[in-house]
Amino acid sequence: MPAFTPDQELDLLFSADLIPASVKAELPADLHIRPLARTDYHRGHIQILSVLTSAPDPGLAGYQATFDAQRNIVNTYYTLVIVNKANDQVVAVGCVFIERKFLRNLGKVGHIEDIAVSKDMQGKKLGLRVIQALTGISEALGCYKTILNCSDDNIPFYKKCGYEKKENEMAKYNTAPLSGPSRASTPKL
C-alpha cells in the first residue's frame, strides 16, 4: 500500500490554509482533508465522482490539463478531497467555485458542486465535513451566499448542513455529441 503523502509534497489546487481548522478537527485521525492535488488521479478521484453520475476516465493527461486549467483561473475553483491515510486514497470530494457578479456591489456567490463520498465511507459524516469546509471557504472568500443544487431526496441532508430550500433549478442538456478534450476549450468570440 502507498504511504500517506503529506500536503507539502503535493502540487495542490489552492492553499490548504483556506480549509477551516474546525472541520479538520472533526475528522477521525485516520482521515485527512486537503485541496485537490495534481496527482489525485492516481488516488481514485474520478472513481469517487462516479458515485454521482457518469465519470469516464479522462486519462492522466486530460486530468492534469483540467487541473492546470482550473488552477490558472485564479481565485475561482476550490476542489477538496478527504484522503484515507492508510492507503492514500480519496474517499470524499467536493468543489466550490466562485462566481463574480455585477449586482450586490460586485458581490460573489459560492456554488457547491460534485459532493461525493465513496460507498464504503458513507454514513460517517464525511459529506457533512466536505459541505462545512466548502461553505467555510466560500464565506472566507467574501461570498454573500453559497448555493447548491440537489435532488429532492437529498434536501434533508443539506438542511442538516444549514442550507434551506430556495427557488427551483432548471436544466437544459446539450443533446449534440460531445467530443473529448475540445469540449473543455473555450470558443473564440
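These numbers come from the heavy atoms of this one structure, side chains and all, not from hydrogens, waters or symmetry mates.
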**Message:** Going by the rule side chain to side chain contact (heavy atoms under 4.5 Å, CB included), which residues pair with A65 if we only count those two or more places apart in sequence or in a different chain?
**Reply:** none
**Message:** As a quick check of understanding, evaluate side chain to side chain contact (heavy atoms under 4.5 Å, CB included) for H32 and D7, giving each step before the final call.
**Reply:** CA-CA 10 Å; H32 177 66; D7 291 1; 2.8 Å; yes
**Asked** Quick check: are there more than 12 heavy atoms from other residues, nucleotides or ligands sitting under 6.0 Å from CD of E164?
**Response** no
**Message:** Quick check: is I48 connected to L27 through a chain of hydrophobic side chains (ILVMFWY, heavy atoms under 4.5 Å apart)?
**Reply:** yes
**Fill in**
For R38, the salt bridge (charged side-chain N to carboxylate O under 4.0 Å, His left out) test, sequence neighbours excluded, returns D68
**Complete:** With sequence neighbours left out, the residues meeting side chain to side chain contact (heavy atoms under 4.5 Å, CB included) with K165 are I155, N168
**Prompt:** Who are the side chain to side chain donor-acceptor pair (under 3.5 Å) partners of R43, not counting sequence neighbours?
**Reply:** T5, T39, D40, D88
Atom pairs and distances, donor-acceptor, side-chain atoms in residues 121-137, under 3.5 Å, two or more places apart:
residue: Q122; atom: NE2; partner: V117; partner atom: O; Å: 2.9
residue: R129; atom: NH1; partner: Q132; partner atom: OE1; Å: 2.8
residue: T135; atom: OG1; partner: I131; partner atom: O; Å: 2.8
residue: T135; atom: OG1; partner: Y163; partner atom: OH; Å: 2.6

**Prompt:** Who are the side chain to side chain contact (heavy atoms under 4.5 Å, CB included) partners of L49, not counting sequence neighbours?
**Reply:** H45, I46, L52, A55, V93, D114
**Item:** Distance, nearest 0.5 Å, that separates CZ of R100 from CG of L106
**Value:** 11.0 Å
**Qualifying ring-ring contact (aromatic ring centres under 6.0 Å, His included) pairs with a residue from residues 101-159, counting only residues at least two apart or across chains** = F97-H111
**Prompt:** Which is it for D57 and Y41 under the side chain to side chain donor-acceptor pair (under 3.5 Å) test, yes or no, and what are the steps along the way?
**Reply:** CA-CA 9 Å; D57 184 346; Y41 173 84; 2.8 Å; yes
**Prompt:** Residues two or more places apart in sequence or in another chain: which of them pass side chain to side chain donor-acceptor pair (under 3.5 Å) with Y77?
**Reply:** none
**Pairing residues for T79 by the side chain to side chain donor-acceptor pair (under 3.5 Å) criterion, not counting sequence neighbours** = none
Indicate every side-chain donor-acceptor pair of residues 9-20 with a distance under 3.5 Å to a residue at least two apart or in another chain.
residue: D11; atom: OD1; partner: R71; partner atom: NH1; Å: 2.3
residue: D11; atom: OD2; partner: R71; partner atom: NH1; Å: 3.4
residue: D11; atom: OD2; partner: R71; partner atom: NH2; Å: 3.3
residue: S15; atom: OG; partner: D17; partner atom: N; Å: 3.2

**Complete:** CG (L31) and CG (N84) are apart, to the nearest 0.5 Å, by 6.0 Å
**Fill in**
Distance col, row I112:CD1 vs T146:OG1, nearest 0.5 angstrom, shows 6.0 Å
**Message:** Other residues, nucleotides and ligands only: do more than 12 of their heavy atoms fall within 6.0 Å of CG on D30?
**Reply:** yes
**Within 6.0 angstrom of K159 NZ, more than 12 heavy atoms from elsewhere** = no
**Partners passing salt bridge (charged side-chain N to carboxylate O under 4.0 Å, His left out) against E99 (at least two apart in sequence or in another chain)** = K101
**Asked** If Ile, Leu, Val, Met, Phe, Trp and Tyr residues are connected whenever their side-chain heavy atoms lie under 4.5 Å apart, and connections chain through other members, are I33 and L141 in the same group?
**Response** yes
**Request:** Mind checking the OG-CD spacing from S118 to Q89? Nearest 0.5 Å is all I need.
**Result:** 10.0 Å
**Prompt:** Any chain of hydrophobic side-chain contacts (each under 4.5 Å) joining V74 to F67?
**Reply:** no
**Prompt:** What residues form a side chain to side chain donor-acceptor pair (under 3.5 Å) with S151, not counting sequence neighbours?
**Reply:** N154
